[in-house]
Protein chains: 2
Amino acid sequence: MVDVARHAGVSIKTVSRVINNEPNVQRQLAERVLASVAELGFRRNHLARTLRSGQSTATIGLIIEDLANPFYSTIAAVAAEVARQHETLLITASSEEDPQREQQLLRDLCSRRVDGLLIVPAGYDHAFLRPEVEMGTPVVFLDRPAGGLLADTVLLDNRGGAQAGVRALLERGHQRIGILLDSVSVYTMRERVGGAQEALASAGIAYDERLVADGVHDPEGAAAAVARMLTAPTPPTAFFSLNNRITVGVLQELWRRKSRVEVVGFDDFELSHLMPQRFTVVAYDTRQMARTAADLLFQRIAGERSWPRTVTLPTALVERGLS
Amino acid sequence: MVDVARHAGVSIKTVSRVINNEPNVQRQLAERVLASVAELGFRRNHLARTLRSGQSTATIGLIIEDLANPFYSTIAAVAAEVARQHETLLITASSEEDPQREQQLLRDLCSRRVDGLLIVPAGYDHAFLRPEVEMGTPVVFLDRPAGGLLADTVLLDNRGGAQAGVRALLERGHQRIGILLDSVSVYTMRERVGGAQEALASAGIAYDERLVADGVHDPEGAAAAVARMLTAPTPPTAFFSLNNRITVGVLQELWRRKSRVEVVGFDDFELSHLMPQRFTVVAYDTRQMARTAADLLFQRIAGERSWPRTVTLPTALVERGLS
DNA sequence: ATGAAAGCGCTAACAG
DNA sequence: CTGTTAGCGCTTTCAT
């Protein structure tokens, strides 16, 4: 900037004024400065600008589990979109479900003085963020609640969705429903299992452990679990799958066996309408969830000081697959 | 940092030394500093640290077309992964195929002094980046070549892949092959069309404009184009689709018509193995492409000064779908 | 082994 | 309208 000032024969402050489109600069000078800027290939150092306290970095941070997963990349896309509307850039990082790493990344983002944080939490304890929050960095949690920290949170109605899904199967006369889930160590899974249990209980059906497969982490695992259950003495007449990766594995295994056992799966997914059998998904609007969270965050960044809110978004049953 | 120094009763420089794990600090003092850091909730300002010239920001920038698209989110995920191995964070932004916006974002990233740039270019002219490149910001282009700028580039063998795809159909006896593409304004589409034409030409088959559908931007458009071609006087006996969104639309329309016309499509996609008919994809390794580009970028960041390279990655034909 | 002082590139506050 | 000066929070000399 000093170079530009010298080149244009003005003071550094005038350059600053021109760069920032401040009023009260003679046209003539401004043009000279702009010319020098172009000639010298000057680009303002945004970091230095930010250093003066009270300035914003025009950057927000997003922590998700896995950027390659469509659910999370949708969230990232919406976050980037909303950020852009606020002339802000987005730093995205994946925690890979590792609380340790999540904390590390969060600290790193804070040391970069991001204007705000959007978090799909992997860990259970976010108390370590309290100093940052108190120092004025807004934080919004997404898809899962925070631990040990009061903050805005946007969740899905996992419990209600699971209840509706199981109820649909019960209404179609099913009594033996196989339930497949990833891991109860994940909040959303716990909620969904809870909802399923509630629906069974209120229909007066006992929760049969043999009809529950835990630790199903991928489609292959789901296929194996389905095969196991279907060859057991009293096989289920329907499956309730607790996420879309599992649903895909279930459908694949059913197709392989030419079985037409009914399926309800939590989460919609791309191409679900082209799957080889009719089934039902518990759907929701991922973009809306992300948008709600991002909007909340920017409201906070803009100075909103109200008490932290928790928003719960609805789910809906939708028919999918080729009939 | 001044506060910490005062609290610990040492100089600011000692705090700096402790924070940076520099040697030559008494255990005792170091512990006192660490205690103060914890108590005051101090977090080093990474931006200020970076301000001293010669320091790196430990941040790279990635420009893609659309973060919500699995192809790009895979690239972003790999970029973030490689970045993490270098203790670097990733700023991701979508250009939405808008050269204007791409340029704006790139300038913005440069003003944040990123250590390097990974670009899937939307525009045709990247000469405006030359000053930055000369000032030492490495740039690697991905999936499409740069315009007006010599830089490392990682591409796919679009031409060869398309040739192989069309050749496969010709070998199965097809003479009338319907070709569906998005827009020749996109580099990859031009290359793929070129490859298809070459394969037809070397088989002595004239390129029939009526068998080519341009401007197919989504599955619905693809379905409509397929419907149109199949009800024309001399319908094609096979389709070659130039991207996976189009392929999905083609498959859906064929299923609707209970037609078993053969299909070859460029790009593999998730769940392609569960599509309702056999078909062939021109597949490639997106992760490898992204990894190659990111590795190249970090080599440059580490000081590699060799002449810019262009790497072209191979494609392979793979059978997909339920038989 | 520790500290004092200068300076990174910019903006805020105040003069002229 | 324009310029001077003092910092922002940290690291890098260079003394001690």
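Nothing here was measured: the structure is a model prediction, and the numbers come from that model. Convention: sequence-line order gives letters A, B, ...; per-chain numbering from 1.
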>> Any carboxylate oxygen within less than 4.0 angstrom of a Lys/Arg side-chain nitrogen, looking at B:Glu96 and A:Arg84?
In response: no

> Reckon A:Asn20 has a side-chain N or O less than 4.0 Å from the OP1 or OP2 of C:dT11?
Replying inline: yes

>> Just to be sure I understand the geometry, which residues of residues 5-12 of chain B put a non-hydrogen atom under 4.0 Å away from DNA chain C?
In response: B:Val10, B:Ser11

> Does B:Leu47 offer a backbone N or O that forms a donor-acceptor pair with the side chain of B:Thr50 under 3.5 Å?
Replying inline: no

> Rounding to a whole Å, what distance do you find between A:Met135:CE and D:dG9:P?
Replying inline: 10 Å

> Which of these nucleotides, D:dT11, C:dT11, C:dT2, is closest to any side-chain atom of B:Val25?
Replying inline: C:dT2

>> Output the pairing pattern of DNA chain C as a dot-bracket string, 5' first, Watson-Crick or G-U wobble with both distances under 3.5 Å, | for cross-strand pairs, [ ] for crossing pairs.
In response: ||||||||||||||||

>> Nearest 0.5 Å, please: how far is CE in B:Met189 from CG in B:Asp182?
In response: 5.5 Å

>> For B:Arg17 versus B:Val25, what's the shortest heavy-atom pair and its separation?
In response: CB-CG2, 3.7 Å

> With under 30° as parallel and over 60° as perpendicular, where do the rings of B:Phe298 and B:His86 fit, or are they tilted in between?
Replying inline: parallel

> Rounded to the nearest Å, what distance is computed from the CG atom of residue B:Leu51 to the C1' atom of nucleotide C:dG7?
Replying inline: 9 Å

Give me, pair by pair, the N or O atoms of the protein and of nucleotides 14-16 of chain D that are less than 3.5 Å apart, along with how far apart they are.
none

> Tell me: CZ of B:Arg49 to C1' of D:dT12, nearest whole Å?
Replying inline: 12 Å

>> What's A:Leu29 touching, base or sugar-phosphate or nothing? Going by heavy atoms closer than 4.0 Å.
In response: sugar-phosphate

>> Under 4.0 Å, counting only non-hydrogen atoms across every strand here, what does A:Arg52 touch: a base, just sugar-phosphate, or nothing?
In response: base

>> Using only atom types and a distance under 3.5 Å, with no angle test, would you say the side chain of B:Glu191 pairs donor to acceptor with the backbone of B:Asn158?
In response: no

>> Need one value for B:Val2: base, sugar-phosphate or nothing, where a base atom within 4.0 Å counts as base even if backbone is also close, heavy atoms only.
In response: nothing

> Of the non-hydrogen atoms in A:Leu51 and B:Ala48, which two are nearest, and what is the gap between them?
Replying inline: CD1-CB, 3.5 Å

> In Å, rounded to the nearest 0.5 Å, how long is the span from CZ of A:Arg112 to CD1 of B:Ile91?
Replying inline: 8.5 Å

>> Output the rounded distance in Å from CG (B:Leu47) to P (C:dG7).
In response: 23 Å

> What's the CZ-C1' distance between B:Arg113 and C:dG9, to the nearest Å?
Replying inline: 9 Å

> Is the closest basic N to carboxylate O distance between B:Glu81 and B:Arg287 below 4.0 Å?
Replying inline: yes

>> From C-beta outward on B:Lys13, which listed nucleotide comes closest to its side chain: C:dG3, C:dT11, D:dG9?
In response: C:dG3

>> Heavy atoms from C-beta onward define the side chain here; which of D:dG9, C:dT11, D:dT2 lies closest to that of A:Gln26?
In response: D:dT2

>> So, taking the atom named CZ in B:Phe141 and the one named CG in B:Leu155, what distance separates them when rounded to the nearest 0.5 Å?
In response: 11.0 Å

>> Nearest to the A:Phe42 side chain among C:dC10, D:dT11, C:dA1, which nucleotide is it?
In response: C:dC10

> For A:Met1 and C:dA12, what is the distance between atoms CE and P respectively, to the nearest whole Å?
Replying inline: 11 Å

>> From CZ of B:Arg44 over to C1' of D:dG9, roughly how many Å is that when rounded to an integer?
In response: 11 Å

>> I need the minimum non-hydrogen distance between A:Leu90 and A:Ala79, along with the two atoms involved.
In response: CD2-CB, 4.1 Å

>> In whole Å, I'd like the distance from the CD atom of A:Glu22 to the C1' atom of C:dC14.
In response: 14 Å

> Reckon B:Gln28 has a side-chain N or O less than 4.0 Å from the OP1 or OP2 of C:dA1?
Replying inline: no

> Would you say a side-chain N or O of A:Thr14 is under 4.0 Å from OP1 or OP2 of D:dT2?
Replying inline: no

>> Need one value for B:Asn45: base, sugar-phosphate or nothing, where a base atom within 4.0 Å counts as base even if backbone is also close, heavy atoms only.
In response: sugar-phosphate

> Using a distance-only test with no angle check, is there a side-chain donor-acceptor pair under 3.5 angstrom linking A:Ser56 and A:Asp115?
Replying inline: yes

> Under a 4.0 Å N-O cut-off, is there an ion pair linking A:Arg291 with A:Asp295?
Replying inline: no

